[in-house]
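Counting starts at 1 for both ligands and their atoms, in listed order. Note that these values count all heavy atoms, side chains included, but never hydrogens, waters or copies made by symmetry. Computed from a predicted model, the values in this text were never measured in an experiment.
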Amino acid sequence: MISIVCPVYNEQQSVGLFIKKMKEVMQCKNVGFEFLFIDDGSDDETLRTLREEKRNTPQIRIISFSRNFGKEAALTAGLKYAKGDAVIPIDVDMQDPPELVLKLLDEWQKGYQIVLAKRVDRNSDSYLKRLTAKGFYYFHNKMADHKIPENVGDFRLMGRVVVDHINELPETQRFMKGLFSWVGFKSSTINYARPCRENGESKFTFWKLWNLAIEGITSFSTIPLKIWTYIGVIVALLSFCYGVFIIALALLSGIDVPGYSSLIVIILFLGGIQLIGIGILGEYIGRIYMEAKQRPLYIIEKEY
Ligand code: UDP
Ligand code: MG
């Protein structure tokens, strides 16, 4: 059986069309399937629409959260409750084309436990989004021990073993793309051009994406913490050389009073560097704090 896992947040216009398309696609394959919708605290008619669809489509299962917990939490729940031998997280806005699921399944039947869907054409995203995404993958993969494949979103196929291993990971700060690749296993990749959203608008603001990027980097690398030792050493060395230079100058040409500009520049520069260092410590300590609380990742209000 195949589980189609869909996190939905205010997608009332998209779910109907998505279910129709997805059913057509699944009928081409002679396999059992389930739809697992995670309603991430939508405040429009998403849940009601889904429940109505369920009347005609018994394969639909719905888990509804008590509030909006975010896509990472919704995906975590989706993987946990999915029953299929293969699990495919997919967006309902048609940006992850349903017909591609057939290709994913073909690769899976060849024996791959992970099949990635790579966006080779992101022209549907704005220039700024493509640029920042590129920057993110670059920095993340330079720093993290485990690279995440570039331009691969949450849309992919994972076999049961992979899903079980992801479900066992205990952390509450969950950057799913990172966790997906952390577990390893051989993967196959298919390429696609990412179309535009059919209905509604993106739920990810620039600020949300920025936080997701920080989450990704802090979850999978401690380099931002360690780098301060080296910056400190370099700054100390430079100051030592400068000190020697000033002393030599004073000995050779007498005491020279002016020096306000160099002083203020150095003080401000070092102050800035120290604040960045403290800020980065704060990012990690904040995450340790959240992890230590051991709060659940989400609260399920009801299952249908
Ligand atoms: N989503 C969610 N919770 C959120 C934000 C988004 O479950 O807090 C879902 C959303 O309904 C959609 C998927 O995540 O099915 C991807 O969101 P979106 O299409 O807005 O992101 P984009 O494609 O612009 O990256
Ligand atoms: Mg989308």
Could you pull out the closest heavy-atom pair between [X] and [Y], with the gap in Å?
X: Gly78; Y: Leu36; value: O-CD2, 3.4 Å
X: Glu150; Y: Lys134; value: OE2-CG, 4.4 Å
X: Met290; Y: Thr172; value: O-OG1, 4.3 Å

How close does the nearest protein non-hydrogen atom get to [atom], and which residue and atom is it?
atom: atom 10 (C) of ligand 1; result: Glu11 OE2, 3.2 Å
atom: atom 1 (N) of ligand 1; result: Tyr9 CB, 3.8 Å
atom: atom 13 (C) of ligand 1; result: Asp91 OD1, 3.4 Å
atom: atom 3 (N) of ligand 1; result: Asp40 OD2, 2.6 Å
atom: atom 17 (O) of ligand 1; result: Phe204 CE1, 3.7 Å
atom: atom 20 (O) of ligand 1; result: Lys203 N, 2.5 Å
atom: atom 22 (P) of ligand 1; result: Ser202 OG, 3.7 Å
atom: atom 18 (P) of ligand 1; result: Arg197 NH2, 3.5 Å

Worksheet item: Does Arg61 pair with Glu34 as a salt bridge, N-O distance under 4.0 Å?
Response: yes
Fill in: Under-4.0 Å salt bridge between Asp106 and Lys29
yes
Please work out whether any backbone atom (N, CA, C, O) or any side-chain heavy atom from C-beta onward of [X] is under 4.0 Å from ligand 1, and answer side chain, backbone, both or neither.
X: Lys71; value: both
X: Glu72; value: neither
X: Asn68; value: side chain

Can you sort out which atoms of ligand 1 are near [X], meaning under 4.0 Å from one of its heavy atoms?
X: Val8; answer: 7 (O), 11 (O)
X: Lys208; answer: 8 (O)
X: Gly70; answer: 3 (N), 8 (O)
X: Arg194; answer: 23 (O)

Worksheet entry | N, O or S atom of Ser202 closer to the Mg ion (ligand 2) than 2.8 Å | no
Worksheet item: Would Asp93 count as a contact for the Mg ion (ligand 2), in the sense that one of its N, O or S atoms lies under 2.8 Å from it?
Response: yes
Worksheet entry | Min N/O separation Pro7 to ligand 1 under 3.5 Å | yes
Worksheet entry | Stacked cation flag Lys142 on Phe139, 6.0 angstrom / 45 deg | no
Item to complete: Flag this pair as yes if the NZ/CZ of Arg287 is under 6.0 angstrom from the six-membered ring centre of Tyr289 and inside a 45 degree cone about the axis; otherwise no.
Response: no
Worksheet item: Do you see a donor-acceptor pair shorter than 3.5 Å between the side chains of Glu107 and Ser188?
Response: yes
Fill in: From the candidates Asp93, Asp96, Ile38, the one that places a heavy atom nearest atom 19 (O) of ligand 1
Asp93
Worksheet entry | Option of least heavy-atom distance to atom 25 (O) of ligand 1 (set: Lys129, Met94, Gln95) | Lys129
Practice prompt. Carefully, step by step, assess Val101 and Met22 under the rule side chain to side chain contact (heavy atoms under 4.5 Å, CB included).
Written response: CA-CA 9 Å; Val101 166; Met22 200 67 236; 3.5 Å; yes
Worksheet entry | Verdict with reasoning, Ile299 to Phe69, per side chain to side chain contact (heavy atoms under 4.5 Å, CB included) | CA-CA 8 Å; Ile299 293 173; Phe69 282 91; 4.1 Å; yes
Worksheet entry | Working for side chain to side chain contact (heavy atoms under 4.5 Å, CB included), residues Phe35 and Lys23 | CA-CA 9 Å; Phe35 285 111; Lys23 264 165 80 178; 3.9 Å; yes
Worksheet item: With a 4.5 Å limit on heavy-atom distance, are the side chains of Phe175 and Ile214 in contact?
Response: no
